[in-house]
Number of protein chains: 2
Amino acid sequence: MVATRLDPIDRKILSELQADGRMTNVELAKRVGISAPPCLRRVRTLEESGLIKGYHAEVDSRELGFEVQVFAMVGLDSQAEAELSRFEERCRSWPLVRECHMLNGEVDFMLKCVAPDLSSFQSFLTEELLTAPNVSSVKTSLVIRCAKDDPGVPFEVLEERLSRSA
Amino acid sequence: MVATRLDPIDRKILSELQADGRMTNVELAKRVGISAPPCLRRVRTLEESGLIKGYHAEVDSRELGFEVQVFAMVGLDSQAEAELSRFEERCRSWPLVRECHMLNGEVDFMLKCVAPDLSSFQSFLTEELLTAPNVSSVKTSLVIRCAKDDPGVPFEVLEERLSRSA
DNA sequence: CAGCACGCGCAATAATATTTCGCTGCGGCG
DNA sequence: CGCCGCAGCGAAATATTATTGCGCGTGCTG
């Protein structure tokens, strides 16, 4: 990891931008305690180094008409690398699938899906996911409500850890 | 849902800002096909209506030293509302827990956790999660690799759906 | 068909981003 | 030790962007 090259100011920048990605550079500079130009240079460096992978607006999915959120646990018949990749590629092509994680243990993949309503998810499930090649089992769990949905990483933990090792 | 009040331009704005939340307003206006001032007015309206809940920088968690990502499926002893809320509140106070979703079915909660390494996750698991009141069972699954991690909702699906109902 | 409300674009202004420049502190090297 | 070169800073200048005010057209509504 490249994080060791980051000084406390860089980490503060990342933390602030994770919390509010549209903060002006002036405001950001004020918060991290340096002037605007070096602050912008640091942000650009963080972007170019790939530590900042992008910026996104967080939208209200329910209000936008996506009432249904589902976790799908998928088991495959073959776990050969070629088959794994094929399944991942398929997931990337399904818009309803927002996340696809390969897991250890009995279940091979965890998918997070979003759909306008139950019936559209059902048809995705039966017509796409269950009929996809190599898929042996799918267990789905509907999200009843969401208590927490924080993006990114807990910088507090990082700081705590660094202060201990210092 | 309030989405019916949105015209195609508003939806395009949301879609563009979800993909790139730091786009300048002039660029955004160009893409959605109107001039800058009305575009900015629309963005402000979307923000005030809560349809845009915020903006976030997407950071590279591995590079930042968070090597471990885990899904934890939690079962509780009591599912009384007061107990559910209490557990949710506890999840909000744990930095390592980034998401907490209540599910239907046998498992009560799905947690997405992030940690610097396996041992720090283990200590969280044994010292915090497993010892929390009312927690009866926890099954964890380590993320081996991530094939897809798209934020937000698939606007393509929304458009398709609206064009059918039109 | 007049009046009204709404949303647009244009032009002007304010704020912000970005570049340029010179200063300063720090570590390597003569 | 003292000099040099580098890296990072801040101030100032400039370019770009955000924001406001205003007049115009369009489409309801009476």
Side-chain angles (χ1 to χ4, degrees), chain A residues 1-60 63-65 155 158-159 162-163 165-166, chain B residues 1-60 63-65 155 158-159 162-163 165-166:
Chain A
M1 82 178 146
V2 82
T4 42
R5 288 177 231 155
L6 298 178
D7 66 10
I9 294 180
D10 287 317
R11 293 196 299 271
K12 190 88 194 298
I13 287 176
L14 290 169
S15 166
E16 293 288 342
L17 286 180
Q18 177 175 276
D20 178 4
R22 255 207 139 160
M23 193 180 301
T24 67
N25 183 57
V26 181
E27 173 65 20
L28 181 61
K30 196 186 309 171
R31 295 201 188 189
V32 305
I34 58 178
S35 67
C39 182
L40 189 62
R41 280 193 289 262
R42 280 165 181 264
V43 172
R44 293 284 177 266
T45 305
L46 291 169
E47 287 168 355
E48 279 156 28
S49 75
L51 262 153
I52 294 179
K53 297 202 277 185
Y55 301 89
H56 307 283
E58 179 192 358
V59 304
D60 189 322
E63 284 299 315
L64 263 170
F155 281 95
L158 187 60
E159 293 301 335
L162 287 172
S163 68
S165 70
Chain B
M1 84 177 146
V2 82
T4 43
R5 286 177 231 153
L6 297 178
D7 66 10
I9 294 179
D10 286 318
R11 294 197 298 272
K12 189 90 194 295
I13 287 175
L14 290 169
S15 167
E16 293 289 343
L17 285 181
Q18 177 175 277
D20 178 4
R22 256 208 139 157
M23 193 181 301
T24 67
N25 183 58
V26 257
E27 173 65 20
L28 181 62
K30 195 186 309 172
R31 293 200 190 189
V32 305
I34 59 179
S35 66
C39 183
L40 188 62
R41 281 192 288 263
R42 279 165 181 264
V43 171
R44 293 286 176 263
T45 305
L46 291 169
E47 287 168 356
E48 278 156 27
S49 74
L51 262 152
I52 295 178
K53 297 202 278 184
Y55 301 89
H56 306 284
E58 179 193 358
V59 304
D60 189 319
E63 283 299 314
L64 263 169
F155 280 97
L158 187 61
E159 294 300 335
L162 288 172
S163 68
S165 71

>> Using a 4.0 Å heavy-atom cut-off, does B:Arg22 contact any base of the nucleic acid, only the sugar-phosphate backbone, or nothing at all?
In response: nothing
>> Check this for me: does any side-chain nitrogen of one of B:Lys12 and B:Asp7 sit under 4.0 Å from a carboxylate oxygen of the other?
In response: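 Salt bridge: no.
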> Whole-Å distance between D:dC9 P and A:Ile34 CD1?
Replying inline: 5 Å
>> Before you tell me yes or no, could you show the steps for B:Tyr55 and B:Glu47 under side-chain hydrogen bond (donor to acceptor under 3.5 Å, both in side chains), namely the whole-Å CA-CA distance, both residues' side-chain angles and the distance that decides it to 0.1 Å?
In response: CA-CA 10 Å; B:Tyr55 301 89; B:Glu47 287 168 356; 2.6 Å; yes
> So, is A:Arg44 near the phosphate of C:dA17, with a side-chain N or O under 4.0 Å from OP1 or OP2?
Replying inline: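 No, outside the criterion.
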>> Just the rounded figure in Å: distance from P of C:dG7 to CG of B:Leu46.
In response: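 Rounded to whole Å, this separation is 12 Å.
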> Between the main-chain N or O of A:Ile13 and the side-chain N or O of A:Arg42, is there a donor-acceptor pair closer than 3.5 Å?
Replying inline: no
> Counting side-chain heavy atoms from C-beta on, which of D:dG10, D:dA18, C:dC8 comes nearest to B:Pro38?
Replying inline: C:dC8
>> What is the separation between atom CG on A:Leu40 and atom P on C:dT20, rounded to the nearest whole Å?
In response: 13 Å
> Taking the side chain of A:Pro37 as heavy atoms from C-beta outward, which of D:dA12, C:dG9, C:dG7 is closest to it?
Replying inline: D:dA12
> To the nearest angstrom, how far is B:Asp7 atom CG from C:dC6 atom C1'?
Replying inline: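 Value for this atom pair: 12 Å.
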> Rounded to the nearest Å, what distance is computed from the CD atom of residue B:Glu27 to the P atom of nucleotide C:dA17?
Replying inline: 17 Å
>> Measuring from the side chain of A:Asn25 (C-beta onward, heavy atoms only), which nucleotide among C:dA17, D:dG10, D:dT19 has the closest atom?
In response: C:dA17
>> Can you work out whether A:Gly33 or B:Ala36 has the more 5'-proximal nearest nucleotide on DNA chain D?
In response: A:Gly33
> What is the distance, rounded to the nearest whole Å, between atom CZ of A:Arg42 and atom P of C:dT18?
Replying inline: 17 Å
>> I need the CG-C1' distance between B:Leu28 and D:dA18, as an integer number of Å.
In response: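 Taking atom C1' of D:dA18 as the reference, CG of B:Leu28 is at 13 Å.
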> B:Arg41 has a side chain; which of D:dG21, D:dG10, D:dT17 sits nearest to it?
Replying inline: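 Among the listed nucleotides, the one closest to the side chain of B:Arg41 is D:dG21.
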> Which nucleotide in the set C:dA17, D:dG21, D:dA18 lies at the smallest distance from any side-chain heavy atom of A:Val26?
Replying inline: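 The listed nucleotide nearest to A:Val26's side chain is C:dA17.
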> Between B:Glu27 and B:Arg31, does at least one N-O distance fall below 4.0 Å, as a salt bridge requires?
Replying inline: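 Looking at B:Glu27 and B:Arg31, the cut-off is met.
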>> Under the criterion side-chain contact (heavy atoms from CB on, under 4.5 Å), I'd like the reasoning laid out for A:Arg22 against A:Leu17: C-alpha separation, chi angles, the key distance, then a yes or no.
In response: CA-CA 7 Å; A:Arg22 255 207 139 160; A:Leu17 286 180; over 6 Å; no
>> What contact category does A:Ser35 fall into here, base, sugar-phosphate, or nothing, at under 4.0 angstrom with non-hydrogen atoms?
In response: base
